[in-house]
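Data first, discussion second: the structure below is written as structure tokens.
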Amino acid sequence: MSTEPKGGGLLAGKRLLVTGVLSDASIAFHVARIAQQEGAHVVLTSFGRALPITEAMAERLPAPAPVIRLDVTDQGDLDALPDAVAERLGGLDGIVHSIAFAPRSALGGAFLETSWQDAGTALEVSAYSLKALVTACLPLLKEGSSVVGLDFDAALAWPGYDWMGVSKAALESVTRYLAMYLGERRVRVNLVAAGMVRTLAARSIPGVERMEEIWRTRPPLAWDVHDPEPTAKACAVLLSDWLPATTGEILHVDGGLHAVMT
């Protein structure tokens with residue numbers, strides 16, 4: 001299966017691992033698409049029932065991309081990941097973390113009743129997984145590499161977001177610690193905090209319509225909840241060499257909503 005990019009560009013020659021491609025509406029899909037258009041070699045990950053979906057999406061990219069099995073809660077998969085990536089890319093210049101999950105009982109206003117088991121699942125999959133993924137790939141990450149995670153601003157509590165919001169706050173903290181400990185290796189770790197985008201994951205949040213309405217009416221810049229491309233472009237910039245001294249940062253791509261009171 002070819003991983004050849006279509007030509008030169010912002011990410012020419014970069015070797016990237018992209019997680020979380022579940023549909024052509026997902027932000028991760030558009031990160032992979034733009035990365036290839038900007039000259040990158042891309043490999044995707046998936047597992048379980050999502051695997052054939054990701055494989056189908058991989059065929060819709062500008063260049064069909066291989067898909068590696070990876071369950072970030074399975075240490076066996078994490079241990080096998082470096083060899084699987086090395087076989088296809090030889091090494092890595094960047095990682096895109098687009099992984100999040102919370103049980104239904106951890107969303108939708110049931111915050112006070114959520115068990116530790118379900119809250120812990122949300123935290124492990126949505127936050128600890130960034131550390132697990134990066135450390136698994138460390139042997140492949142060359143100097144100057146970039147790790148980019150997808151975030152939803154955790155500075156506020158959002159209706160119905162509940163333990164996923166807590167997990168995003170943890171993700172932001174994990175990012176800062178990774179930035180601190182990986183700086184000596186010259187590996188950058190940053191997040192892109194996206195505004196509301198109507199992805200499969202977003203549609204699973206109870207009451208998401210209320211959050212979408214906030215983005216339709218309040219940002220200073222017009223925001224389209226059906227357009228993941230602005231967020232994906234920001235990821236591409238962070239994966240490039242254009243921000244070589246930026247790490248531990250949260251880049252907001254939300255139409256400016258985070259900065260204003262309306």
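Fair warning: this is a prediction, and the values are worked out from it, not measured in the lab.
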Could you pull out the closest heavy-atom pair between [X] and [Y], with the gap in Å?
| X | Y | answer |
| --- | --- | --- |
| Ser167 | Ser126 | CB-CB, 3.7 Å |
| Ala132 | Thr135 | O-OG1, 3.2 Å |
| Trp215 | Asp254 | NE1-O, 3.1 Å |
| Ala106 | Asp118 | CB-O, 4.5 Å |
| Pro228 | Ala25 | CG-O, 3.8 Å |
| Pro219 | Gly255 | CB-O, 3.5 Å |

Check step by step if side-chain contact (heavy atoms from CB on, under 4.5 Å) holds for Met180 and Arg176. CA-CA 6 Å; Met180 179 171 67; Arg176 289 187 284 269; over 6 Å; no

How many angstroms lie between atom [atom1] of [X] and atom [atom2] of [Y], to the nearest 0.5 angstrom?
| X | Y | atom1 | atom2 | answer |
| --- | --- | --- | --- | --- |
| Thr45 | Ile99 | OG1 | CD1 | 5.5 Å |
| His97 | Leu133 | NE2 | CG | 6.0 Å |
| His30 | Gln37 | NE2 | CD | 10.0 Å |
| Ile68 | Glu87 | CD1 | CD | 8.0 Å |
| His252 | Leu191 | NE2 | CG | 9.5 Å |
| Asp74 | Phe47 | CG | CZ | 9.0 Å |

Give a yes-or-no answer on whether the side chains of Thr54 and Ser46 include a donor-acceptor pair shorter than 3.5 Å.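 Yes, side-chain donor-acceptor contact under 3.5 Å.
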
Ion pair present between [X] and [Y], side-chain N to carboxylate O less than 4.0 angstrom?
| X | Y | answer |
| --- | --- | --- |
| Glu55 | Arg60 | no |
| Asp241 | Lys14 | yes |
| Lys168 | Glu172 | no |
| Asp93 | Arg15 | yes |

Check whether [X] reaches the backbone of [Y] with its side chain - one donor and one acceptor, N or O, closer than 3.5 Å.
| X | Y | value |
| --- | --- | --- |
| Gln36 | Ala63 | yes |
| Ser98 | Leu150 | no |
| Ser240 | Val237 | yes |
| Thr114 | Ala110 | yes |
| Trp223 | Gly256 | no |
| Thr247 | Ala179 | no |

For the residue pair [X] and [Y], establish whether any side-chain heavy-atom pair is separated by less than 4.5 Å.
| X | Y | result |
| --- | --- | --- |
| Met57 | Asp24 | yes |
| Arg33 | Glu229 | yes |
| Val225 | Val197 | no |
| Ile95 | Leu16 | no |
| Thr246 | Asn190 | yes |
| Val192 | Leu238 | yes |
| Val166 | Phe111 | yes |
| Asp151 | Asp153 | no |

Kindly indicate, with the supporting measurements, whether the criterion side-chain contact (heavy atoms from CB on, under 4.5 Å) is fulfilled by Tyr128 and Val174. CA-CA 7 Å; Tyr128 183 83; Val174 169; over 6 Å; no

Going hydrophobic residue to hydrophobic residue with side-chain gaps under 4.5 angstrom, can you get from [X] over to [Y]?
| X | Y | answer |
| --- | --- | --- |
| Phe152 | Trp163 | no |
| Ile53 | Val67 | no |
| Trp242 | Val31 | yes |
| Leu92 | Val134 | yes |
| Ile34 | Leu22 | no |

Quick one: do Thr73 and Glu124 satisfy side-chain contact (heavy atoms from CB on, under 4.5 Å)? Show the steps, please. CA-CA 7 Å; Thr73 68; Glu124 180 183 12; 3.7 Å; yes

Is it true that, when you exclude Glu184 itself, more than 12 heavy atoms of the residues, nucleotides or ligands shown sit nearer than 6.0 Å to its CD?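 It does not: Glu184 CD has 12 such atoms or fewer within range.
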
Side chain to side chain contact (heavy atoms under 4.5 Å, CB included) partners of Ser146, counting only residues at least two apart: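 Ser146 satisfies side chain to side chain contact (heavy atoms under 4.5 Å, CB included) with Val148, Arg188, Leu239 once adjacent residues are dropped.
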
Evaluation steps, side-chain contact (heavy atoms from CB on, under 4.5 Å), between Leu130 and Thr175: CA-CA 8 Å; Leu130 176 60; Thr175 296; 3.5 Å; yes

